[in-house]
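This is the structure I want to talk about, given as structure tokens.
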Amino acid sequence: MTLPITLPITLAAVAAAALINIWLSIRCGQVRTAEKVSVGDGGNDKLIRRMRAHANFNENTPLVLVMIAALEFAHPASTPLAAVAGVFMLGRVAHGLGMDGGSFGIGRMIGTVITLLTQLGLAVWAIMSAMA
């Protein structure tokens, strides 16, 4: 009997991504309720910013999760992979908060840089693993 394959790093990253996605969605809903905007953005700058933060998360996260899963298959129990996944999620939270502007506006840049470096790093790691 073979044991099922488990990918604990991927599972944790997917769970974190789901929670962040819910949080970003709730943040949009809060502005929608406060500003009485049912559909679209109503030209509301705060809602536009939060919608873009949510959309940007959903544009970038799937590819990162796929690369995390693929690399976890190649490198089970990889502490560096777990660290990268955690830093990526923190970067996405920083980006979401930073998109509001204000005193933590730098969070947008921090999140963007972390996202791009994560994608680049994971891509290079995946290429190197494939060539090994």
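In this chain, residues are counted from 1 in sequence order.
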Self-check item: Single-linkage hydrophobic cluster, 4.5 Å side-chain cutoff, Met67 and Val14 together
Solution: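 They do share one cluster, since a chain of ILVMFWY contacts under 4.5 Å joins Met67 to Val14.
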Self-check item: Residues in side-chain contact (heavy atoms from CB on, under 4.5 Å) contact with Pro62, at least two apart in sequence or another chain
Solution: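 Checked Pro62 against side-chain contact (heavy atoms from CB on, under 4.5 Å); zero matches.
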Exercise. Please list, chain by chain and in numerical order, all residues satisfying side-chain contact (heavy atoms from CB on, under 4.5 Å) with Pro76, sequence neighbours excluded.
Key: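 Pro76: no side-chain contact (heavy atoms from CB on, under 4.5 Å) contacts found.
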Practice problem: For residues Ala85 and Ile68, report the shortest heavy-atom separation together with the two atoms involved. | Solution: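 Heavy atoms of Ala85 and Ile68 come nearest at CB-CD1, 3.7 Å.
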Self-check item: For Ala82, all residues meeting side-chain contact (heavy atoms from CB on, under 4.5 Å), sequence neighbours excluded
Solution: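 Ile9.
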Quiz item: Considering residues at least two apart in sequence or located in another chain, which fulfil the salt bridge (charged side-chain N to carboxylate O under 4.0 Å, His left out) criterion with Arg108?
Solution: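 With neighbours one apart ignored, the set is empty.
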Practice problem: Measure the CH2-CG distance between Trp125 and Leu71 for me, rounded to the nearest 0.5 Å. | Solution: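 Those atoms lie 5.5 Å apart.
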Quiz item: Given side chains that start at C-beta, do those of Arg32 and Ser38 come closer than 4.5 Å, heavy atoms only?
Solution: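 Not in contact.
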Quiz item: What pairs meet the side-chain hydrogen bond (donor to acceptor under 3.5 Å, both in side chains) rule with one or both residues in residues 9-21, with sequence neighbours excluded?
Solution: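 For residues 9-21, and leaving out neighbouring residues, the side-chain hydrogen bond (donor to acceptor under 3.5 Å, both in side chains) pairs sorted by first residue read Thr10-Glu72, Asn21-His54, Asn21-Asn58.
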Practice problem: For Glu35, enumerate each residue passing the salt bridge (charged side-chain N to carboxylate O under 4.0 Å, His left out) test, keeping only those at least two apart in sequence or located in another chain. | Solution: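 For Glu35, no residue satisfies salt bridge (charged side-chain N to carboxylate O under 4.0 Å, His left out) once neighbours in sequence are set aside.
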Quiz prompt | Flag side-chain contact, heavy atom, 4.5 Å: Phe88 against Thr61 | solution =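 Side chain of Phe88 against side chain of Thr61, heavy atoms only: contact under 4.5 Å found.
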Quiz item: How long is the gap from SG on Cys28 to CH2 on Trp23, to the nearest 0.5 Å?
Solution: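 The distance works out to 10.0 Å.
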Practice problem: Could you work out the complete set of other residues in the hydrophobic cluster of Val31, with links drawn between I, L, V, M, F, W and Y side chains under 4.5 Å apart? | Solution: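 Cluster partners of Val31: Val37, Leu47, Met51.
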Quiz item: Are Phe57 and Phe104 in one and the same hydrophobic cluster, where Ile, Leu, Val, Met, Phe, Trp and Tyr link if side-chain heavy atoms are under 4.5 Å apart?
Solution: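 Looking at the clustering, Phe104 is in the same group as Phe57.
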Quiz prompt | Side-chain donor-acceptor pair present, Ser129, His75, cut-off under 3.5 Å | solution =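 Indeed, the side chains of Ser129 and His75 share at least one donor-acceptor pair under 3.5 Å.
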Quiz prompt | Ile106 with Val87, same ILVMFWY side-chain cluster at under 4.5 Å | solution =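 Ile106 clusters together with Val87.
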Quiz item: Looking at CG of Leu24 and CE of Met99, how far apart are the two atoms once the value is rounded to the nearest 0.5 Å?
Solution: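 The CE atom of Met99 is 10.5 Å from CG of Leu24, to the nearest 0.5 Å.
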Quiz prompt | Hydrophobic cluster partners of Val66 (side-chain heavy atoms under 4.5 Å) | solution =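 Listed partners: none, Val66 stands alone.
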Quiz item: Does Asp100 have any salt bridge (charged side-chain N to carboxylate O under 4.0 Å, His left out) partners at least two apart in sequence or in another chain, and if so, which?
Solution: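 Applying salt bridge (charged side-chain N to carboxylate O under 4.0 Å, His left out) to Asp100 gives Arg27, Arg50.
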Self-check item: Contacts of type side chain to side chain donor-acceptor pair (under 3.5 Å), residue Gln30, not counting sequence neighbours
Solution: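 Scan of Gln30 (side chain to side chain donor-acceptor pair (under 3.5 Å), adjacent residues dropped) gives none.
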Quiz item: Is Leu11 reachable from Leu81 through a run of I, L, V, M, F, W or Y residues, each pair having side-chain heavy atoms under 4.5 Å apart?
Solution: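 No, because Leu81 and Leu11 fall into different hydrophobic clusters, even though each may have its own neighbours under 4.5 Å.
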What side-chain donor-acceptor pairs closer than 3.5 Å can you find for residues 117-124, not counting sequence neighbours?
residue, atom, partner, partner atom, Å
Thr118, OG1, Ile114, O, 2.7
Gln119, NE2, Asn60, OD1, 3.0

Quiz item: To the nearest 0.5 Å, how far apart are CD1 in Ile20 and OG in Ser25?
Solution: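 Going from CD1 on Ile20 over to OG on Ser25, the span is 13.5 Å.
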Exercise. For Leu65 and Ala17, work out which heavy atoms get closest and say how close.
Key: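 So the two residues come closest at CD1-CB, 4.0 Å.
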Exercise. Establish whether Ile110 and Val113 are linked, either directly or via other cluster members, by ILVMFWY side-chain heavy-atom contacts under 4.5 Å.
Key: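 Yes, it is one cluster - the side chains of Ile110 and Val113 are joined through contacts under 4.5 Å.
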Practice problem: Can you sort out the partners of Arg92 under salt bridge (charged side-chain N to carboxylate O under 4.0 Å, His left out), two or more places apart, ordered by chain and number? | Solution: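 Here no residue qualifies.
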Quiz item: Is atom CG of Leu116 surrounded by more than 12 heavy atoms (other residues, nucleotides or ligands) closer than 6.0 Å?
Solution: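 Yes, because the 6.0 Å sphere around CG of Leu116 holds more than 12 heavy atoms from other groups.
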